[in-house]
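Numbers here simply count residues along the sequence, with the first being 1. Note that the structure is a prediction, hence the values are computed from the model and not measured.
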Amino acid sequence: MIIKPNFWQIPQPTATDFAALAEKEQLLAERIHEIANRHQHAKFASSLAVEDMVITDVIAKSKAKITVFTLETGRLNPETLALADTVKKTYPDLDFRLFRPNPIAAEKYDREKGRFAFYESVELRRECCFIRKIEPLNRALADADAWLTGQRREQSVTRTELEFHEWDQSRGIDKYNPIFDWHEMDVWAYILKYDIPYNELYKQGYPSIGCEPCTKQVKAGEDIRAGRWWWENKDSKECGLHK
């Protein structure tokens, strides 16, 4: 008999979690308001993860002048692309955009290195990430004076020192992590309380979702980012977007 693995499941917040959410919601709204008032061209880089859907919802509801964009890498799951369409329909007044990689650079990498060369080394994986994520991000932020992320301290060993406000040295602009101090249960409490749309892959055991060939399901009890670049050491599991 084949025993199917027990995969990660969407957390089920308790009444206590929902009760504690009001204070976090208020603080998040204040943070978004502060960012919008402080900057003329703030932009939010959304991966369409649940964290990002929380921030997107607050931006939309508050009518904050913050552009929201997603990096459409060309290798996203169909479920992720479907969610991008849902965001447009759910928040019709939101300034929501997609940024794609340079097709010539992406095709050259696939032709010369191989379509799945990123499995061969960290260097080749980071080169792919640069073409499909970092270069489009740089274009998206070219006219921005600040940008926001959905990063949380709890997500990985590389983010434990995360703060609300940072200085992006390479781009010379401010960077904000509005829910840096939220826990996973806080995020899901918000999503479920307000019936916010989210990626269908969460229901299939994917707690952290990136490009399709670089993401897999996570077993119950594993680190939530164990399915991202699973063939690499956990200390190298960043694409370079947040350096």
Item to check | Side-chain donor or acceptor of Asn37 paired with backbone N/O of Glu34 under 3.5 Å | outcome: no

Checklist entry - Any side-chain heavy-atom pair from Val50 and Tyr190 closer than 4.5 angstrom? => result no

Item to check | Under 3.5 Å side-chain donor-acceptor pair for Gln204 and Glu200 | outcome: no

Item to check | Residue that, paired with Trp147, satisfies side-chain contact (heavy atoms from CB on, under 4.5 Å) out of Ile66, Leu137, Ile35 | outcome: Leu137

Checklist entry - Which heavy atom in Ala189 sits nearest to a heavy atom in Phe18, and how many Å separate them? => result O-CE2, 3.2 Å

Next on the checklist: As an exercise, state the distance from CZ of Arg225 to CG of Asp223, rounded to the nearest 0.5 Å.
Outcome noted: 8.5 Å

Checklist entry - Within 45 degrees of the axis of the six-membered ring of Phe116 and under 6.0 Å from its centre: does Arg75 put its NZ or CZ there? => result yes

Checklist entry - Roughly how far, to the nearest 0.5 Å, is OH of Tyr198 from OG1 of Thr86? => result 12.5 Å

Checklist entry - Has Glu112 got more than 12 heavy atoms of other residues, nucleotides or ligands less than 6.0 Å from its CD? => result yes

Next on the checklist: Tell me whether the rings of Tyr202 and Trp188 are parallel (<30°), tilted (30 to 60°) or perpendicular (>60°).
Outcome noted: perpendicular

Item to check | Leu76 side, atom CG; Leu81 side, atom CG - distance, nearest 0.5 Å | outcome: 5.0 Å

Checklist entry - Salt bridge check: are Asp95 and Arg97 linked by an N-O gap of less than 4.0 Å? => result yes

Next on the checklist: Can a donor-acceptor pair be found, under 3.5 Å and without considering hydrogens, that links the side chain of Tyr109 to the backbone of Leu124?
Outcome noted: yes

Checklist entry - For Asn177 and Gln151, does a side-chain donor sit closer than 3.5 Å to a side-chain acceptor? => result yes

Checklist entry - Under a 4.5 Å cut-off applied to non-hydrogen side-chain atoms, are Leu83 and Pro197 in contact? => result yes

Next on the checklist: Over 60° means perpendicular and under 30° means parallel, so tell me whether Tyr176 and His165 are parallel, tilted or perpendicular.
Outcome noted: tilted

Checklist entry - Of all heavy-atom pairs between Leu28 and Val58, which one has the smallest distance, and what is that distance? => result CD2-CG2, 3.7 Å

Next on the checklist: Just so I know, are the side chains of Arg228 and Ile209 near enough to count as touching, which here means a heavy-atom distance under 4.5 Å?
Outcome noted: no

Next on the checklist: Rounded at 0.5 Å granularity, tell me how far OG1 in Thr70 sits from CG in Leu98.
Outcome noted: 6.0 Å

Item to check | Partner of Arg153 by salt bridge (Lys or Arg N to Asp or Glu O under 4.0 Å), out of Glu51, Glu163, Glu184 | outcome: Glu163

Item to check | Glu222 side chain vs Lys219 backbone, donor-acceptor pair below 3.5 Å | outcome: yes

Item to check | Interatomic distance, Gln12 atom CD to Gln9 atom CD [nearest 0.5 angstrom] | outcome: 8.5 Å

Item to check | Arg31/Asp181 salt bridge by N-O under 4.0 Å criterion | outcome: yes

Checklist entry - Residues two or more places apart in sequence or in another chain: which of them pass side-chain hydrogen bond (donor to acceptor under 3.5 Å, both in side chains) with Lys61? => result Asp57

Checklist entry - Do the rings of Trp231 and Phe118 sit parallel, tilted or perpendicular, given the 30° and 60° boundaries? => result tilted

Checklist entry - Are any non-hydrogen side-chain atoms of Arg125 and Cys129 less than 4.5 angstrom apart? => result yes

Item to check | Atom pair OG1 (Thr80) and CG (Asp85), whose distance is rounded to the nearest 0.5 Å | outcome: 11.5 Å

Checklist entry - Would you say the side-chain atoms of Tyr206 pair up with the backbone N or O of Gly227, donor to acceptor, closer than 3.5 Å? => result no

Checklist entry - Is it the case that one hydrophobic cluster holds both Leu162 and Ile224, taking links as side-chain heavy atoms less than 4.5 Å apart, direct or via other members? => result yes

Checklist entry - Does the pair Asp110 and Arg132 meet the rule for a salt bridge (Lys or Arg N to Asp or Glu O under 4.0 Å), with working shown? => result CA-CA 12 Å; Asp110 290 351; Arg132 295 185 178 276; 3.4 Å; yes

Next on the checklist: So Val187 and Arg152, do their side chains get closer than 4.5 Å, heavy atoms only?
Outcome noted: yes

Checklist entry - Is there a side-chain contact between Leu27 and Glu30, using heavy atoms and a 4.5 Å cut-off? => result yes

Next on the checklist: To check you understand the geometry: which heavy-atom pair defines the closest contact between Leu148 and Ala42, and what is its length?
Outcome noted: CD1-CB, 4.2 Å

Item to check | Test side chain to side chain contact (heavy atoms under 4.5 Å, CB included) applied to Thr56 and Phe96, step by step | outcome: CA-CA 10 Å; Thr56 296; Phe96 178 72; over 6 Å; no

Checklist entry - Take atom NZ in Lys193; do more than 12 heavy atoms of anything else shown fall under 6.0 Å from it? => result yes

Item to check | Evaluation steps, salt bridge (Lys or Arg N to Asp or Glu O under 4.0 Å), between Asp174 and Arg38 | outcome: CA-CA 10 Å; Asp174 290 285; Arg38 184 179 295 179; 5.8 Å; no

Checklist entry - Between the side chain of Asp145 and the main-chain N/O of His41, is any donor-acceptor distance below 3.5 Å? => result yes

Next on the checklist: Looking at every heavy atom in both Asn102 and Glu135, which two are closest together, and how far apart are they?
Outcome noted: N-OE1, 4.1 Å

Checklist entry - Do the non-hydrogen side-chain atoms of Ser46 and Ile55 ever get within less than 4.5 Å of each other? => result no

Item to check | Under 3.5 Å: donor-acceptor pair, side chain of Arg100, backbone of Glu72 | outcome: no

Checklist entry - Is Val218 close to Phe7 at the side-chain level, that is, under 4.5 Å between some pair of heavy atoms? => result no

